[in-house]
Every structure is written in structure tokens, then in C-alpha cells.
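Here's the structure we're looking at; comments come further down.
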Amino acid sequence: MTPLPLSFYRRDTETVARELLGQRVCRRLPDGRLLSGVIVETEAYLGIADRACHTFGGRRTPRTDTMYADGGVAYVYLIYGMYWCLNAVTQREGDPEAVLIRALAPEQGQEIWQAAYPRLKPAQWLSGPGRLCRALQIDRACNGQPLTQGDLWIEAGAGAAPAAIVAGPRVGVDYAGEAAHWPLRFHVAGEPSVSRPR
DNA sequence: ATGACGATTTACT
DNA sequence: GTAAATCGTCATA
């Protein structure tokens with residue numbers, strides 16, 4: 001295991017969102033088992049100027065405090081009262097931007113997911129921000145934790161060829177006005193685990 | 001103290 | 001296609 005270095009995250013957020021495609025999210029369960037998947041879909045959230053971002057306008061609250069940290073930690077929050085979402089905080093301390101991890105292609109842990117979600121096809125197990133957190137047992141305990149060590153980390157994968165990356169509008173941010181149209185969602189073309197095809 | 005709502009998913013008509 | 005599930009967060013008072 002060789003986690004991506006902190007310097008990977010402390011850069012332009014759109015660049016990090018694109019380059020996270022093809023990298024590997026790893027999770028060590030309390031019983032020692034390893035789960036992992038390759039990132040196939042991300043979204044960039046650009047901080048105070050981005051109406052779709054939790055930190056729009058400089059909002060700093062107990063929840064969003066994590067986004068103000070130096071890049072390289074996880075920002076995990078609860079949505080709709082029942083699903084957790086995993087983000088990688090980017091940029092430097094005080095610049096509250098992040099990348100939402102929206103979907104993974106299953107790697108390690110397929111027996112576990114087959115048993116847990118027998119009704120879903122393998123490509124669906126980690127398809128969607130809420131689903132992947134459920135499958136990897138990611139919750140508020142991961143919030144603020146470094147992605148470079150510990151029980152949740154991101155390590156180098158094969159990456160995604162730039163030509164295979166598709167950009168489009170972000171999902172579920174219709175309330176964000178102009179920002180709702182910004183092409184900050186990225187996915188790997190042809191990957192079956194990508195959420196909401198088309 | 002109150003109430004509206006959300007970076008979603010699932011079940012059902 | 002529509003609606004339910006479910007609750008922490010945040011703005012308002």
C-alpha cells in the first residue's frame with residue numbers, strides 16, 4: 001500500500017477531481033478485512049464562489065469546518081438523514097474545496113458485497129456516493145481523517161487516460177443557479193459502475 | 001425553539 | 001414515472 005501523498009490533494013480542485021479517476025480507495029475493517037475499489041466518478045466543489053458547495057460564501061459551521069483543513073483529509077457528511085458521502089479535501093488550509101467521490105468499480109471485497117447486496121449487480125454495489133459509503137462502512141468516524149494513512153486511504157492505481165474522461169454537470173445541485181451548469185462532474189467513459197449513465 | 005431542506009436511494013403505482 | 005424514508009444542519013426568531 002502506497003497512499004497518494006498530501007501534495008496530490010493540495011492543488012487545483014478540478015485537476016484533483018480528474019486525476020482521482022483511476023486511483024484506488026481502500027478501507028480496513030475493524031476485523032482486518034480489506035475492501036477496495038477504483039474511482040470511476042468524481043465531482044469538484046469549488047468553495048466560496050461555488051453556490052453548490054457547502055462552503056459557498058465562506059460559510060463555516062461545525063459541519064463544514066472539515067473543508068477548511070489542509071488538503072488530504074476526508075470530508076464525510078450525512079445527506080437526507082440516511083446516507084453518508086465521502087469527499088477528499090483539496091487545496092490548502094483556509095481554502096474550503098473538495099472532491100466528492102461518486103462511484104467506484106469493485107475490487108477487493110466482492111464476496112462481502114455479494115452477500116450483502118445479492119439483489120444488485122456487481123457494478124451497482126459501489127455506484128453512487130451513498131452506496132459506496134454504505135459498502136465501505138464509511139461514516140462520521142472518518143470525517144477529518146487523513147487519506148494518507150489509517151483505516152481509510154487512497155492509493156495509486158492505473159489512473160485514467162485523459163481522453164477517456166467525460167465532463168458534465170454535477171448531479172443533484174439544481175438549486176445552485178448558474179453553478180448547476182458548470183461541468184465539474186467527471187467519469188470514465190464506458191465504466192459500468194458510473195452512477196446515472198447518460 | 002422551530003421548521004425547511006438536502007452533493008441520495010429505494011420501493012412502489 | 002412519483003413518493004417515501006429519515007435526521008442532522010442551519011437560518012430565523
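What's counted below: heavy atoms across the whole structure, side chains too, no hydrogens, waters or symmetry copies.
Using a 4.0 Å cut-off, no side-chain N or O of A:R131 falls inside it from OP1 or OP2 of B:dA7. Between B:dT8 and A:R102, a contact under 4.0 Å exists linking OP1 or OP2 to a side-chain N or O. Checking the phosphate oxygens (OP1, OP2) of C:dT9, a side-chain nitrogen or oxygen of A:R140 falls inside 4.0 Å.
The nucleotide B:dA7 finds no pairing partner, because no Watson-Crick or G-U wobble arrangement with both distances shorter than 3.5 Å includes it.
The side chain of A:Y83 approaches B:dT8 more closely than any other nucleotide in the set B:dG6, B:dT8, C:dT9. Side-chain atoms of A:L78 lie closest to C:dG8 of the nucleotides C:dG8, B:dT8, C:dA11. Among the nucleotides B:dT9, B:dA7, B:dT10, the one closest to any side-chain atom of A:R196 is B:dT9.
The 5' end of DNA chain C is approached more closely, in terms of each residue's nearest nucleotide, by A:M82 than by the other of A:M82 and A:T64. Judged by closest nucleotide on DNA chain B, A:C53 is the one of A:R119 and A:C53 placed further toward the 5' end.
Residue A:R59 contributes atom CZ, which lies 12 Å from atom C1' of B:dA7 at whole-angstrom precision. In this structure, CD of A:Q124 is placed 13 Å from C1' of B:dT10, rounded to the nearest angstrom. Nucleotide B:dG6 holds its P atom 8 Å from the CD1 atom of A:I79, rounded to whole Å. Between A:Y45 atom OH and B:dG6 atom P the separation is 13 Å, expressed in whole Å.
In this structure, a donor-acceptor pair under 3.5 Å is absent between the side chains of A:R24 and A:S36.
Among the heavy atoms of the strands lying under 4.0 Å from A:G81 is at least one base atom, whether or not backbone atoms are also near. In this structure, A:R63 reaches the sugar-phosphate backbone alone: every heavy-atom distance under 4.0 Å involves primed, P, OP1 or OP2 atoms, never a base.
Ring-to-base geometry does not place A:Y175 in a stacked arrangement with B:dG6 (centre distance under 5.5 Å, plane angle under 30° required).
No N or O donor and acceptor, one from the side chain of A:Y80 and one from the base of C:dA5, sit under 3.5 Å apart.
In this structure, A:R60 forms a cation-pi arrangement with A:Y68, its terminal cationic atom sitting closer than 6.0 Å to the ring centre and no more than 45° off the ring axis. For the pair A:R170 and A:Y45, the distance from NZ or CZ to the six-membered ring centre is under 6.0 Å and the angle to the ring normal is within 45 degrees. The side-chain tip of A:R11 points at the ring of A:F8 from less than 6.0 angstrom away and within 45° of straight on.
Under the 4.0 Å criterion applied to side-chain N and carboxylate O atoms, A:R185 and A:E41 are assigned as salt-bridge partners.
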